[in-house]
A.B. asks: 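So that we are looking at the same thing, I have put the structure below in structure tokens.
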Amino acid sequence: RQILKQREFLGFAFGGPSEYNHRQLAEAHRRIVLREGLNEQHFDAVANHLLATLDGRNVPKRLIKVALEKVAALKPQVLCQGEYA
């Protein structure tokens, strides 16, 4: 189940077909943020796993940078921060 959710998230992050919009992404994570304490450490850990995976697959550094920037741009939605609080 988590693999499917990650696939959907990455598809959304990279502009591919997705059932999410920014507001829905925040709503999908709200319970986890409020009740289970999802926070920046968790987000960063997942981003670091993505970095390690892409690096391990010999993806060019410039593409890894773009990928991480796209994922980082969604941090406010995932962590229900700012206008998504």
Side-chain angles (χ1 to χ4, degrees):
R1 176 179 158 152
Q2 191 61 34
I3 291 171
L4 293 175
K5 289 181 181 283
Q6 287 294 324
R7 185 181 307 159
E8 182 72 19
F9 173 78
L10 291 172
F12 179 71
F14 298 123
S18 174
E19 296 182 17
Y20 284 122
N21 64 38
H22 291 277
R23 184 72 49 201
Q24 290 169 323
L25 188 59
E27 288 304 316
H29 290 89
R30 188 167 312 284
R31 181 187 60 79
I32 302 167
V33 169
L34 296 175
R35 293 189 186 160
E36 299 178 33
L38 181 68
N39 61 41
E40 291 194 33
Q41 273 186 306
H42 301 112
F43 187 95
D44 293 345
V46 173
N48 284 328
H49 285 298
L50 176 60
L51 167 64
T53 298
L54 296 175
D55 192 48
R57 298 287 184 171
N58 298 314
V59 172
K61 301 288 185 203
R62 66 180 174 77
L63 294 180
I64 292 174
K65 181 177 184 264
V66 169
L68 293 176
E69 288 170 352
K70 289 186 176 287
V71 168
L74 295 175
K75 187 185 274 192
Q77 292 90 318
V78 172
L79 297 180
C80 302
Q81 298 171 333
E83 68 180 281
Y84 302 100

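What you are looking at is a predicted structure, and each value in this text was computed from that prediction instead of being measured. The chain is numbered in sequence order, starting from 1.
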A.B. asks: What residue pairs, at least two apart or across chains, pass ring pair (Phe, Tyr, Trp, His ring centres under 6.0 Å) with a residue in residues 21-74?
C.D. replies: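 Listed by first then second residue: Phe12-His22.
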A.B. asks: If you measure from NZ on Lys75 to CD on Gln81, what distance do you get to the nearest 0.5 Å?
C.D. replies: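 Reported to 0.5 Å precision, the distance equals 7.0 Å.
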A.B. asks: Please enumerate all residues that pass side chain to side chain contact (heavy atoms under 4.5 Å, CB included) together with Gln2, with sequence neighbours excluded.
C.D. replies: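 Per chain and number, Gln2 pairs via side chain to side chain contact (heavy atoms under 4.5 Å, CB included) with Lys5, Gln6.
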A.B. asks: Using 0.5 Å steps for rounding, measure from the NZ atom of Lys61 to the CG atom of Leu54.
C.D. replies: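 CG of Leu54 is found 10.0 Å from NZ of Lys61.
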A.B. asks: Residues two or more places apart in sequence or in another chain: which of them pass side chain to side chain contact (heavy atoms under 4.5 Å, CB included) with Gln41?
C.D. replies: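 Residues passing side chain to side chain contact (heavy atoms under 4.5 Å, CB included) with Gln41: Asn39.
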A.B. asks: Phe9, Tyr84: one ILVMFWY side-chain cluster at the under-4.5 Å cut-off?
C.D. replies: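 Different clusters.
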A.B. asks: Do Leu74 and Lys70 have side-chain heavy atoms sitting under 4.5 Å apart?
C.D. replies: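 Side chain of Leu74 against side chain of Lys70, heavy atoms only: no contact under 4.5 Å found.
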A.B. asks: I need the minimum non-hydrogen distance between Arg23 and Glu83, along with the two atoms involved.
C.D. replies: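 Here Arg23 and Glu83 meet closest at NH1-O, 3.1 Å.
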A.B. asks: Mind checking what makes side chain to side chain contact (heavy atoms under 4.5 Å, CB included) contact with Leu63, not counting sequence neighbours?
C.D. replies: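 Only Val59, Pro60 meet the side chain to side chain contact (heavy atoms under 4.5 Å, CB included) criterion with Leu63.
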A.B. asks: Nearest 0.5 Å, please: how far is CD1 in Ile64 from CG in Asp55?
C.D. replies: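 Here the interatomic distance stands at 4.5 Å.
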A.B. asks: Going by side chain to side chain contact (heavy atoms under 4.5 Å, CB included), Val71 matches just one of Leu10, Val78, Val66, Val46. Which one?
C.D. replies: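 Filter result, single survivor: Leu10.
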A.B. asks: Enter the distance from Asp44:CG to Leu50:CG here, rounded to the nearest 0.5 Å.
C.D. replies: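 Rounded to the nearest 0.5 Å, the CG-CG separation comes to 12.0 Å.
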A.B. asks: For Arg30, give me all partners under side chain to side chain contact (heavy atoms under 4.5 Å, CB included), at least two apart in sequence or on another chain.
C.D. replies: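 Result, side chain to side chain contact (heavy atoms under 4.5 Å, CB included) vs Arg30: Ala26, Glu27, Leu34, Cys80.
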A.B. asks: Excluding sequence neighbours, so at least two apart, what forms salt bridge (Lys or Arg N to Asp or Glu O under 4.0 Å) with Lys65?
C.D. replies: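 With neighbours one apart ignored, the set is Glu69.
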